[in-house]
Amino acid sequence: MVREQEAAREDLAVVIPVWNLPEDLADLLGQIERLGIFSEVIVADDCSDLDCDPERLGFTSERLGARLVYLRAEERRGAGHARNIGLDAVTAGNVLFFDADDQMSDDLPQIWARHIAGEIPDFTIFRHNDTRVLETEHRDGSFSIDERQWNRIFGGASLGESREKWLTPEDRAHLCTISAYPWNKIYRTAFLRRTGISCSETPVHNDIRLHWLSFLHATTVLAVSTIGAVHVVGDRPHHLTTRKGAERLCLGDILDDVLHEIRATPRHAILLRHFLHFTDTICQWNLGQVDAELVPQFVQLAIRAYMSFTPEEFRIYAAWQPERANAIVKFLLSEGV
(Lines give C-alpha, C1' and ligand atoms only; values in the text may rest on other atoms or scores of the structure.)
Protein backbone atom coordinates (compact mmCIF):
# COMPACT_ATOMS: atom_id res chain seq x y z
CA MET A 1 0.00 0.00 0.00
CA VAL A 2 2.85 2.37 0.84
CA ARG A 3 4.47 1.70 -2.53
CA GLU A 4 1.20 2.45 -4.33
CA GLN A 5 0.88 5.78 -2.50
CA GLU A 6 4.48 6.69 -3.29
CA ALA A 7 4.00 5.78 -6.96
CA ALA A 8 0.90 7.95 -7.10
CA ARG A 9 3.00 10.91 -5.92
CA GLU A 10 5.46 10.54 -8.76
CA ASP A 11 3.25 11.80 -11.57
CA LEU A 12 2.99 15.30 -12.95
CA ALA A 13 0.15 17.48 -14.18
CA VAL A 14 0.52 20.71 -16.14
CA VAL A 15 -2.15 23.40 -15.78
CA ILE A 16 -2.26 25.83 -18.70
CA PRO A 17 -4.36 29.01 -18.48
CA VAL A 18 -5.17 30.35 -21.94
CA TRP A 19 -7.04 33.25 -23.47
CA ASN A 20 -7.24 33.73 -27.25
CA LEU A 21 -3.90 32.08 -28.02
CA PRO A 22 -4.72 28.90 -29.96
CA GLU A 23 -1.48 28.93 -31.97
CA ASP A 24 0.69 29.44 -28.89
CA LEU A 25 -1.26 26.73 -27.08
CA ALA A 26 -0.75 24.31 -29.96
CA ASP A 27 3.00 24.99 -29.91
CA LEU A 28 3.13 24.34 -26.16
CA LEU A 29 1.08 21.15 -26.45
CA GLY A 30 3.53 20.00 -29.10
CA GLN A 31 6.37 20.52 -26.62
CA ILE A 32 4.44 18.63 -23.95
CA GLU A 33 3.93 15.73 -26.35
CA ARG A 34 7.64 15.66 -27.17
CA LEU A 35 8.91 15.91 -23.57
CA GLY A 36 6.69 13.04 -22.39
CA ILE A 37 6.85 13.75 -18.64
CA PHE A 38 3.21 14.67 -17.94
CA SER A 39 0.42 12.33 -16.89
CA GLU A 40 -2.22 15.10 -16.97
CA VAL A 41 -2.65 18.10 -19.23
CA ILE A 42 -5.29 20.54 -18.00
CA VAL A 43 -6.15 23.48 -20.25
CA ALA A 44 -8.13 26.17 -18.40
CA ASP A 45 -9.72 28.53 -20.94
CA ASP A 46 -10.52 32.01 -19.62
CA CYS A 47 -13.58 32.34 -21.90
CA SER A 48 -11.63 32.85 -25.12
CA ASP A 49 -13.23 34.36 -28.21
CA LEU A 50 -11.03 32.07 -30.33
CA ASP A 51 -11.24 28.28 -30.24
CA CYS A 52 -8.71 26.97 -27.70
CA ASP A 53 -10.12 23.46 -27.30
CA PRO A 54 -7.04 21.17 -27.52
CA GLU A 55 -8.93 18.45 -29.37
CA ARG A 56 -9.94 20.84 -32.11
CA LEU A 57 -6.28 21.85 -32.32
CA GLY A 58 -5.46 18.21 -33.03
CA PHE A 59 -4.41 17.06 -29.54
CA THR A 60 -5.99 14.10 -27.79
CA SER A 61 -5.16 12.11 -24.67
CA GLU A 62 -3.74 9.40 -26.90
CA ARG A 63 -1.46 11.81 -28.75
CA LEU A 64 -0.23 13.48 -25.55
CA GLY A 65 0.09 10.21 -23.64
CA ALA A 66 -1.70 11.91 -20.76
CA ARG A 67 -5.14 12.52 -19.35
CA LEU A 68 -6.43 15.62 -21.16
CA VAL A 69 -8.92 17.95 -19.51
CA TYR A 70 -10.38 21.05 -21.12
CA LEU A 71 -12.11 23.54 -18.84
CA ARG A 72 -13.79 26.71 -20.06
CA ALA A 73 -14.87 29.55 -17.76
CA GLU A 74 -18.31 31.01 -18.43
CA GLU A 75 -16.94 34.54 -18.23
CA ARG A 76 -13.50 36.07 -18.44
CA ARG A 77 -12.00 36.27 -14.95
CA GLY A 78 -8.26 36.28 -15.57
CA ALA A 79 -5.34 33.87 -15.50
CA GLY A 80 -5.48 33.51 -11.71
CA HIS A 81 -9.00 32.12 -11.82
CA ALA A 82 -8.06 29.85 -14.73
CA ARG A 83 -5.11 28.42 -12.78
CA ASN A 84 -7.30 27.87 -9.73
CA ILE A 85 -9.99 25.91 -11.59
CA GLY A 86 -7.21 23.96 -13.28
CA LEU A 87 -5.66 23.10 -9.92
CA ASP A 88 -9.04 21.89 -8.66
CA ALA A 89 -9.08 19.33 -11.50
CA VAL A 90 -5.59 17.94 -10.84
CA THR A 91 -5.39 14.32 -9.69
CA ALA A 92 -1.60 13.90 -10.13
CA GLY A 93 0.71 14.12 -7.15
CA ASN A 94 2.60 17.09 -8.54
CA VAL A 95 1.70 20.08 -10.66
CA LEU A 96 3.38 22.67 -12.85
CA PHE A 97 1.53 25.83 -13.90
CA PHE A 98 2.61 26.95 -17.36
CA ASP A 99 1.40 29.88 -19.47
CA ALA A 100 0.27 29.10 -23.00
CA ASP A 101 2.60 31.66 -24.60
CA ASP A 102 5.80 30.51 -22.88
CA GLN A 103 8.09 27.66 -23.86
CA MET A 104 9.38 24.62 -22.00
CA SER A 105 13.08 23.86 -22.01
CA ASP A 106 14.42 20.54 -23.22
CA ASP A 107 15.98 20.28 -19.74
CA LEU A 108 12.62 20.31 -17.95
CA PRO A 109 12.58 16.47 -17.72
CA GLN A 110 15.90 16.68 -15.87
CA ILE A 111 14.34 19.07 -13.35
CA TRP A 112 11.34 16.78 -12.95
CA ALA A 113 13.65 13.81 -12.33
CA ARG A 114 15.42 15.74 -9.58
CA HIS A 115 12.09 16.73 -8.00
CA ILE A 116 11.20 13.06 -7.46
CA ALA A 117 14.71 11.64 -6.97
CA GLY A 118 14.38 11.28 -3.19
CA GLU A 119 12.28 13.09 -0.64
CA ILE A 120 9.76 15.05 -2.71
CA PRO A 121 9.91 18.73 -1.67
CA ASP A 122 6.91 20.99 -1.23
CA PHE A 123 8.18 22.58 -4.41
CA THR A 124 11.20 22.70 -6.69
CA ILE A 125 12.11 26.08 -8.16
CA PHE A 126 14.20 26.38 -11.32
CA ARG A 127 15.79 29.09 -13.46
CA HIS A 128 14.41 30.46 -16.71
CA ASN A 129 15.39 32.45 -19.78
CA ASP A 130 13.64 35.74 -20.54
CA THR A 131 13.39 36.83 -24.18
CA ARG A 132 13.88 40.48 -23.15
CA VAL A 133 17.28 39.56 -21.73
CA LEU A 134 18.15 37.47 -24.77
CA GLU A 135 17.28 40.37 -27.08
CA THR A 136 18.89 43.23 -25.15
CA GLU A 137 21.81 41.61 -23.32
CA HIS A 138 22.40 38.61 -25.60
CA ARG A 139 22.74 36.14 -22.76
CA ASP A 140 20.79 33.36 -21.10
CA GLY A 141 19.00 33.80 -17.80
CA SER A 142 16.69 36.39 -16.32
CA PHE A 143 17.19 40.01 -15.29
CA SER A 144 20.31 40.85 -13.27
CA ILE A 145 18.33 41.55 -10.08
CA ASP A 146 17.09 37.94 -10.12
CA GLU A 147 20.40 36.48 -11.25
CA ARG A 148 22.07 38.00 -8.18
CA GLN A 149 19.81 35.94 -5.94
CA TRP A 150 20.46 32.76 -7.93
CA ASN A 151 24.19 33.44 -7.70
CA ARG A 152 23.83 33.89 -3.97
CA ILE A 153 22.30 30.41 -3.73
CA PHE A 154 24.73 28.65 -6.06
CA GLY A 155 27.88 30.65 -5.39
CA GLY A 156 28.15 32.19 -8.83
CA ALA A 157 27.85 28.92 -10.75
CA SER A 158 27.56 29.45 -14.48
CA LEU A 159 24.27 28.90 -16.25
CA GLY A 160 25.79 25.90 -17.99
CA GLU A 161 26.26 24.06 -14.69
CA SER A 162 23.48 21.87 -13.38
CA ARG A 163 23.37 22.09 -9.61
CA GLU A 164 20.78 21.68 -6.90
CA LYS A 165 20.41 22.76 -3.28
CA TRP A 166 17.94 22.24 -0.48
CA LEU A 167 17.18 25.75 0.66
CA THR A 168 17.72 26.94 4.21
CA PRO A 169 15.25 29.45 5.69
CA GLU A 170 17.77 32.21 4.93
CA ASP A 171 18.12 30.98 1.35
CA ARG A 172 14.35 31.04 0.93
CA ALA A 173 14.11 34.56 2.31
CA HIS A 174 16.46 35.77 -0.41
CA LEU A 175 15.20 33.67 -3.31
CA CYS A 176 11.58 34.63 -2.70
CA THR A 177 12.50 38.14 -3.85
CA ILE A 178 12.96 37.03 -7.47
CA SER A 179 10.17 37.93 -9.88
CA ALA A 180 6.87 36.40 -8.81
CA TYR A 181 6.16 33.99 -11.66
CA PRO A 182 3.85 30.96 -11.40
CA TRP A 183 5.61 28.72 -13.96
CA ASN A 184 9.10 28.30 -12.45
CA LYS A 185 8.08 25.80 -9.76
CA ILE A 186 6.98 22.18 -9.64
CA TYR A 187 4.63 21.82 -6.68
CA ARG A 188 3.54 18.88 -4.63
CA THR A 189 -0.23 19.02 -5.13
CA ALA A 190 -0.94 18.02 -1.54
CA PHE A 191 1.16 20.96 -0.30
CA LEU A 192 -0.95 23.48 -2.21
CA ARG A 193 -4.19 21.91 -1.04
CA ARG A 194 -3.13 21.52 2.59
CA THR A 195 -2.08 25.16 2.85
CA GLY A 196 -4.92 26.54 0.71
CA ILE A 197 -2.46 28.40 -1.53
CA SER A 198 -3.95 29.70 -4.75
CA CYS A 199 -3.64 32.60 -7.18
CA SER A 200 -5.38 35.93 -6.65
CA GLU A 201 -8.36 36.17 -8.98
CA THR A 202 -7.40 39.64 -10.15
CA PRO A 203 -6.76 41.12 -13.63
CA VAL A 204 -3.01 41.53 -13.01
CA HIS A 205 -0.48 40.57 -10.32
CA ASN A 206 -2.39 37.31 -9.77
CA ASP A 207 0.83 35.34 -9.19
CA ILE A 208 2.15 37.38 -6.23
CA ARG A 209 0.07 35.45 -3.71
CA LEU A 210 1.04 32.05 -5.13
CA HIS A 211 4.73 32.91 -5.13
CA TRP A 212 5.08 34.47 -1.68
CA LEU A 213 2.79 32.08 0.20
CA SER A 214 4.62 29.13 -1.33
CA PHE A 215 7.87 30.34 0.24
CA LEU A 216 6.09 31.24 3.46
CA HIS A 217 4.44 27.87 4.08
CA ALA A 218 6.89 25.41 2.50
CA THR A 219 8.89 23.17 4.80
CA THR A 220 11.17 21.78 2.09
CA VAL A 221 12.24 23.64 -1.07
CA LEU A 222 14.67 22.36 -3.68
CA ALA A 223 16.38 24.86 -5.99
CA VAL A 224 17.78 23.66 -9.32
CA SER A 225 20.12 25.80 -11.38
CA THR A 226 18.93 24.27 -14.66
CA ILE A 227 16.84 26.44 -16.99
CA GLY A 228 13.40 24.89 -17.33
CA ALA A 229 11.44 27.54 -19.23
CA VAL A 230 11.63 30.47 -21.61
CA HIS A 231 9.46 33.44 -20.68
CA VAL A 232 8.38 34.84 -24.04
CA VAL A 233 7.62 38.56 -23.82
CA GLY A 234 6.90 40.63 -26.88
CA ASP A 235 4.90 43.63 -27.93
CA ARG A 236 1.58 41.81 -27.66
CA PRO A 237 -1.55 43.34 -26.10
CA HIS A 238 -2.43 40.30 -23.98
CA HIS A 239 0.74 40.56 -21.88
CA LEU A 240 -0.09 41.77 -18.39
CA THR A 241 3.13 43.81 -18.24
CA THR A 242 1.66 46.08 -20.94
CA ARG A 243 -1.44 46.93 -18.90
CA LYS A 244 -1.49 50.54 -17.75
CA GLY A 245 -5.08 51.01 -16.63
CA ALA A 246 -7.12 50.97 -13.43
CA GLU A 247 -6.86 47.19 -13.19
CA ARG A 248 -3.43 47.74 -11.62
CA LEU A 249 -5.09 49.21 -8.53
CA CYS A 250 -5.82 45.65 -7.40
CA LEU A 251 -2.22 45.55 -6.15
CA GLY A 252 -3.12 47.19 -2.83
CA ASP A 253 -5.46 44.42 -1.72
CA ILE A 254 -3.00 41.74 -2.85
CA LEU A 255 -0.19 43.26 -0.76
CA ASP A 256 -2.52 43.54 2.24
CA ASP A 257 -3.53 39.89 1.86
CA VAL A 258 0.04 38.58 1.69
CA LEU A 259 1.29 40.79 4.54
CA HIS A 260 -1.55 39.52 6.74
CA GLU A 261 -0.59 35.89 6.00
CA ILE A 262 3.10 36.54 6.65
CA ARG A 263 2.34 38.09 10.05
CA ALA A 264 0.03 35.19 10.94
CA THR A 265 2.78 32.61 10.39
CA PRO A 266 5.14 31.92 13.30
CA ARG A 267 8.30 31.95 11.17
CA HIS A 268 7.29 35.14 9.37
CA ALA A 269 10.07 37.40 10.67
CA ILE A 270 12.74 36.22 8.26
CA LEU A 271 10.49 37.03 5.28
CA LEU A 272 9.03 40.31 6.46
CA ARG A 273 11.90 42.65 5.60
CA HIS A 274 12.10 41.04 2.14
CA PHE A 275 8.40 41.55 1.60
CA LEU A 276 8.74 45.23 2.52
CA HIS A 277 11.50 45.46 -0.08
CA PHE A 278 9.27 43.75 -2.64
CA THR A 279 6.40 46.11 -1.75
CA ASP A 280 8.64 49.10 -2.39
CA THR A 281 9.94 47.70 -5.67
CA ILE A 282 6.57 46.81 -7.13
CA CYS A 283 4.88 50.04 -6.01
CA GLN A 284 7.60 52.14 -7.60
CA TRP A 285 7.52 50.02 -10.77
CA ASN A 286 3.78 50.50 -11.08
CA LEU A 287 4.09 54.24 -10.54
CA GLY A 288 6.24 54.34 -13.66
CA GLN A 289 3.91 52.01 -15.54
CA VAL A 290 0.34 53.29 -15.12
CA ASP A 291 -1.39 55.92 -17.22
CA ALA A 292 -0.70 59.47 -16.04
CA GLU A 293 -4.24 60.08 -14.82
CA LEU A 294 -3.96 57.10 -12.46
CA VAL A 295 -0.72 58.21 -10.79
CA PRO A 296 -2.47 60.08 -7.92
CA GLN A 297 -4.46 56.95 -7.05
CA PHE A 298 -1.35 54.83 -7.20
CA VAL A 299 0.53 57.27 -4.97
CA GLN A 300 -2.18 56.76 -2.36
CA LEU A 301 -1.94 53.00 -2.84
CA ALA A 302 1.82 53.14 -2.26
CA ILE A 303 1.40 55.31 0.84
CA ARG A 304 -1.09 52.82 2.28
CA ALA A 305 1.26 49.92 1.50
CA TYR A 306 4.25 51.57 3.19
CA MET A 307 2.21 52.60 6.23
CA SER A 308 0.99 49.02 6.66
CA PHE A 309 4.38 48.16 8.17
CA THR A 310 4.97 48.91 11.84
CA PRO A 311 7.76 51.24 12.97
CA GLU A 312 9.71 48.25 14.29
CA GLU A 313 9.34 46.40 10.99
CA PHE A 314 10.54 49.48 9.14
CA ARG A 315 13.47 49.89 11.54
CA ILE A 316 14.63 46.34 10.79
CA TYR A 317 14.30 47.03 7.06
CA ALA A 318 16.21 50.31 7.35
CA ALA A 319 19.12 48.55 9.06
CA TRP A 320 19.25 46.17 6.09
CA GLN A 321 18.50 48.57 3.20
CA PRO A 322 19.30 52.09 4.48
CA GLU A 323 19.27 53.77 1.05
CA ARG A 324 15.88 52.37 0.05
CA ALA A 325 14.45 53.10 3.49
CA ASN A 326 15.63 56.70 3.15
CA ALA A 327 14.00 56.93 -0.28
CA ILE A 328 10.70 55.65 1.15
CA VAL A 329 10.81 58.27 3.91
CA LYS A 330 11.51 61.02 1.35
CA PHE A 331 8.61 59.78 -0.79
CA LEU A 332 6.22 59.85 2.18
CA LEU A 333 7.38 63.29 3.26
CA SER A 334 6.98 64.62 -0.30
CA GLU A 335 3.37 63.44 -0.22
CA GLY A 336 2.67 65.15 3.09
CA VAL A 337 2.59 62.05 5.25
Side-chain angles (χ1 to χ4, degrees), residues 115 119-127 142-157 163-182 184-188 190-192 194-200 205 207-225 251 254-285 302 305-329:
H115 178 76
E119 176 191 358
I120 298 179
D122 289 330
F123 68 91
T124 293
I125 185 167
F126 51 86
R127 297 173 101 153
S142 52
F143 288 109
S144 297
I145 190 170
D146 286 356
E147 289 301 315
R148 282 196 293 272
Q149 297 305 332
W150 280 108
N151 290 336
R152 179 192 296 269
I153 298 302
F154 289 112
R163 297 173 60 182
E164 62 184 68
K165 182 180 181 182
W166 290 93
L167 299 185
T168 67
E170 185 66 24
D171 289 335
R172 287 178 232 159
H174 285 286
L175 200 56
C176 71
T177 62
I178 67 172
S179 301
Y181 292 125
N184 61 355
K185 308 171 189 71
I186 297 175
Y187 288 101
R188 218 165 31 87
F191 163 67
L192 293 178
R194 173 176 54 80
T195 55
I197 296 173
S198 61
C199 293
S200 302
H205 297 309
D207 40 14
I208 292 174
R209 186 176 194 276
L210 176 68
H211 177 86
W212 277 88
L213 297 194
S214 297
F215 277 98
L216 176 65
H217 293 298
T219 303
T220 54
V221 180
L222 180 66
V224 178
S225 65
L251 177 63
I254 294 171
L255 295 176
D256 285 345
D257 173 40
V258 176
L259 180 58
H260 174 77
E261 289 237 16
I262 292 174
R263 284 189 176 135
T265 303
R267 58 178 180 271
H268 78 274
I270 197 167
L271 286 186
L272 198 52
R273 68 179 186 181
H274 295 275
F275 188 68
L276 199 164
H277 192 66
F278 170 78
T279 296
D280 176 41
T281 301
I282 199 162
C283 283
Q284 294 302 318
W285 181 83
Y306 291 137
M307 298 301 289
S308 296
F309 293 90
T310 67
E312 177 60 17
E313 290 166 351
F314 192 81
R315 184 194 67 76
I316 293 171
Y317 176 70
W320 176 54
Q321 293 283 347
E323 290 186 7
R324 283 309 312 159
N326 188 50
I328 292 172
V329 171

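Throughout, residue positions are numbered sequentially from 1 according to the sequence presented.
- The shortest distance between side-chain heavy atoms of Ser179 and Phe143 does not fall below 4.5 Å.
- Nearest heavy atoms, Ile125 versus Trp150: O-CH2, 3.9 Å.
- We find the NE2-OG1 distance between His217 and Thr265 to be 4.5 Å, quoted to the nearest 0.5 Å.
- Partners of Glu312 under the salt bridge (Lys or Arg N to Asp or Glu O under 4.0 Å) rule, at least two apart in sequence or in another chain, are Arg315.
- To the nearest 0.5 Å, atom CD1 of residue Ile178 and atom CD of residue Gln149 are 8.5 Å apart.
- The shortest distance between side-chain heavy atoms of Thr219 and Phe191 does not fall below 4.5 Å.
- Of all heavy-atom pairs spanning Tyr187 and Lys185, the tightest one is OH-CD, 3.1 Å.
- Ring centroid separation for the pair Phe278 and His274 does not come in under the 6.0 Å cut-off.
- For Thr220, the side chain to side chain contact (heavy atoms under 4.5 Å, CB included) test picks out Glu119, Pro121, Asp122, Trp166, with sequence neighbours left out.
- With hydrogens and angles disregarded, a donor-acceptor distance shorter than 3.5 Å links the side chain of Asp171 to the backbone of Thr168.
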For this session: Could you walk me through whether Leu213 and Thr195 pass the side-chain contact (heavy atoms from CB on, under 4.5 Å) test, one step at a time?
Result: CA-CA 9 Å; Leu213 297 194; Thr195 55; over 6 Å; no

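- Nearest heavy atoms, Trp212 versus Cys176: CZ3-SG, 3.3 Å.
- Taking CZ of Arg263 as the start and CG of Leu272 as the end, the distance is 6.5 Å to the nearest 0.5 Å.
- The shortest distance between side-chain heavy atoms of Phe309 and Tyr317 does not fall below 4.5 Å.
- Considering only heavy atoms from C-beta on, Asp257 comes within 4.5 Å of Arg209 through its side chain.
- By the 4.5 Å heavy-atom criterion applied to side chains, Glu147 and Ser142 are counted as neighbours.
- Residues passing the salt bridge (Lys or Arg N to Asp or Glu O under 4.0 Å) test with Asp146, sequence neighbours excluded: none.
- Residues Leu259 and Ser308 approach most closely at CD2-CB, 3.7 Å, considering heavy atoms.
- Between Leu167 and Leu175 the shortest side-chain heavy-atom distance falls below 4.5 Å.
- Distance CD1/Ile328 to NE2/His277: 9.0 Å, rounded to 0.5 Å.
- A donor-acceptor contact closer than 3.5 angstrom links the side chains of Asp280 and Tyr306.
- For Ile208 against Ala180, the heavy-atom pair with the smallest separation is CA-CB, 4.1 Å.
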For this session: List the steps, then state whether side-chain contact (heavy atoms from CB on, under 4.5 Å) holds for Leu276 with Ile316.
Result: CA-CA 10 Å; Leu276 199 164; Ile316 293 171; over 6 Å; no

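- Counting heavy atoms from C-beta on, the side chains of His115 and Leu222 never come closer than 4.5 Å.
- Between the CG atom in Leu251 and the NE2 atom in His205 there is a gap of 4.5 Å [rounded to 0.5 Å].
- Phe123 is not listed as a side-chain neighbour of Leu192, based on a closest heavy-atom distance of 4.5 Å or more.
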